[in-house]
Amino acid sequence: MKVRGMRKHNEDTSASIREMLAKHGRGLGCDVCKPAVASILASCWNDFVLARDKAPLQDTNDRFLANIQKDGTYSVVPRVAAGEITPQQLITIGQIAQKYRLYTKITGGQRIDMLGAQVHQLPLIWRELVDAGFESGHAYGKSVRTVKSCVGSTWCRYGVQDSVGFALEIEHRYKGLRSPHKLKFAVSGCTRECAEAQSKDVGVIATEKGWNLYVCGNGGMKPRHAELLASDLDKATLIRYIDRFLMFYIRTADRLQRTSVWRDNLEGGLDYLKQVVCEDRLGIGAELEADMQRVIDSYECEWKKAIDDPKALRRFRHYINSDRPDSHVVFVDERGQPRPARPAERAMLEVTV
């Protein structure tokens with residue numbers, strides 16, 4: 001079964017893998033179509049990815065709401081919206097990292113990554129994080145990851161707009177939004193561009209008259225400069241254009257297709273994209289905005305939902321018939337933090353034992 005093309009939320013659209021197979025496929029579904037269907041269900045309906053009928057469709061990282069590492073442990077990345085974090089939140093993360101002996105590192109998305117958690121520890125760690133007010137950072141999902149920001153007019157003598165405040169507004173609006181591929185945003189407080197907005201899927205740069213909107217940029221293996229979609233926008237118009245752009249991309253992109261690749265394959269190019277998003281050439285602007293609002297209104301932190309769901313928690317164990325941890329995980333200290341033991345170090349430790 002091949003799933004691609006326009007993603008539409010209406011009464012006739014299948015809301016489960018069984019319904020989709022009955023209408024459009026056969027058998028039990030293959031390894032290609034299952035993740036594609038999972039992506040559509042999550043991005044258009046915002047369904048919980050660990051629900052009983054959704055969990056078997058997920059890739060490895062989404063199965064455990066965490067990125068698996070080279071040694072079989074997982075990373076824990078709470079949301080740090082716009083990179084703004086309080087001293088108490090820093091203390092809480094530090095205490096949790098010490099308690100569970102996790103390696104910590106500042107990420108490129110202005111968050112704090114904690115690595116080395118075993119699968120049975122994930123719910124315990126996230127219970128403490130959720131109780132402290134943190135939410136999932138969706139570092140494991142094909143979804144909105146981060147909104148990077150500079151300090152803007154609040155602190156910087158060159159800033160012309162409040163980039164942190166606006167980045168917070170955008171991140172809390174789109175957090176949890178599932179999509180064909182990961183999405184990265186940034187907001188810069190002036191044209192000096194300290195947040196590197198022109199290398200993001202959605203980049204916003206402040207001007208003295210408002211905000212410029214850039215789209216379809218990315219870093220990675222094949223960096224691509226974002227393109228200017230609209231200039232000197234007020235906040236309401238900017239949000240409306242971002243809503244339309246994101247939902248148009250979600251509806252029409254293939255699974256695992258970045259916005260840059262999607263844009264390169266878009267017939268009519270940037271001019272056509274401007275017509276659809278800014279001029280509403282297809283007459284679907286209000287529909288795209290309504291679809292986005294539906295996702296926003298149904299947002300739930302995936303980890304909060306998981307730790308409150310006994311059925312979901314059953315998967316967070318190494319062995320089906322035992323609660324014991326994975327004895328093959330071995331760490332050594334380096335620069336004051338744990339890291340996975342290399343083969344020679346592991347052999348030496350076994351000989352010592």
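Residue numbers run from 1 in the order of the sequence given. Just so we're clear, the structure is a prediction, and the values are computed from it rather than from any experiment.
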| query | Centres of the Phe134 and Trp303 rings: under 6.0 Å? | reply | no
Inspect the contact between [Y] and [X] and indicate whether a charged nitrogen and a carboxylate oxygen are less than 4.0 angstrom apart.
| X | Y | answer |
| --- | --- | --- |
| Lys304 | Glu135 | no |
| Asp333 | Arg339 | no |
| Lys105 | Asp113 | no |
| Asp291 | Arg251 | yes |
| Lys274 | Glu279 | no |
| Arg127 | Asp308 | yes |

request  = Given salt bridge (Lys or Arg N to Asp or Glu O under 4.0 Å), test Asp326 with Arg317 step by step and report yes or no.
outcome  = CA-CA 9 Å; Asp326 185 355; Arg317 54 197 303 181; over 6 Å; no
Verify side chain to side chain contact (heavy atoms under 4.5 Å, CB included) between Asp232 and Asn212, making sure each step is shown before the conclusion. CA-CA 5 Å; Asp232 297 327; Asn212 288 349; 3.8 Å; yes
Aromatic rings Trp262 and Phe248: how do their planes relate, parallel, tilted or perpendicular, breaks at 30° and 60°? perpendicular
Going by the angle between their ring planes, with limits at 30° and 60°, are Tyr74 and Phe64 parallel, tilted or perpendicular? tilted
Keeping [X] on the side-chain end and [Y] on the backbone end, is there a donor-acceptor pair under 3.5 Å?
| X | Y | result |
| --- | --- | --- |
| Gln69 | Asn67 | yes |
| Ser39 | Pro35 | no |
| Asp280 | Ile284 | yes |
| Glu289 | Gln293 | no |

Least distance between heavy atoms, [X] atom then [Y] atom:
| X | Y | result |
| --- | --- | --- |
| Ile307 | Pro123 | CG2-O, 3.9 Å |
| Arg263 | Gly269 | NH1-CA, 3.5 Å |
| His138 | Ser143 | CB-OG, 3.4 Å |
| Ala195 | Lys148 | O-CD, 3.6 Å |
| Tyr319 | Pro325 | CE1-O, 3.7 Å |
| Ser260 | Arg224 | CB-CD, 3.1 Å |

Donor on one side chain, acceptor on other, Thr104 and Gln337, under 3.5 Å | yes
Self-check item: Pair Asp243-Tyr174, side-chain donor/acceptor within less than 3.5 Å
Solution: yes
Checking Gln121, Glu128, Gln118 against Tyr100 for side chain to side chain donor-acceptor pair (under 3.5 Å), the one that qualifies is Glu128
Taken to the nearest 0.5 Å, the spacing of Ile106 CD1 from Arg111 CZ works out to 11.5 Å
To the nearest 0.5 Å, atom CG of Leu122 lies from atom CD1 of Ile125 at 6.0 Å
Practice task
Please lay out, stage by stage, how Ile85 and Ile112 fare under the test side chain to side chain contact (heavy atoms under 4.5 Å, CB included).
Solution key: CA-CA 10 Å; Ile85 188 166; Ile112 300 175; 4.3 Å; yes
Asp47 vs Lys54, salt bridge (Lys or Arg N to Asp or Glu O under 4.0 Å): CA-CA, chis, key distance, verdict | CA-CA 8 Å; Asp47 287 341; Lys54 307 296 188 306; 3.7 Å; yes
Exercise. How far apart are the C-alpha atoms of Arg178 and Glu302, what are their side-chain angles, what is the distance that settles it, and do they pass the salt bridge (Lys or Arg N to Asp or Glu O under 4.0 Å) test?
Worked result: CA-CA 12 Å; Arg178 293 279 177 159; Glu302 289 178 344; 2.9 Å; yes
Would you kindly check if the NZ (Lys) or CZ (Arg) of Lys200 is within the cone defined by 45 degrees around the ring axis of Phe185 and under 6.0 Å from the six-membered ring centre?
no
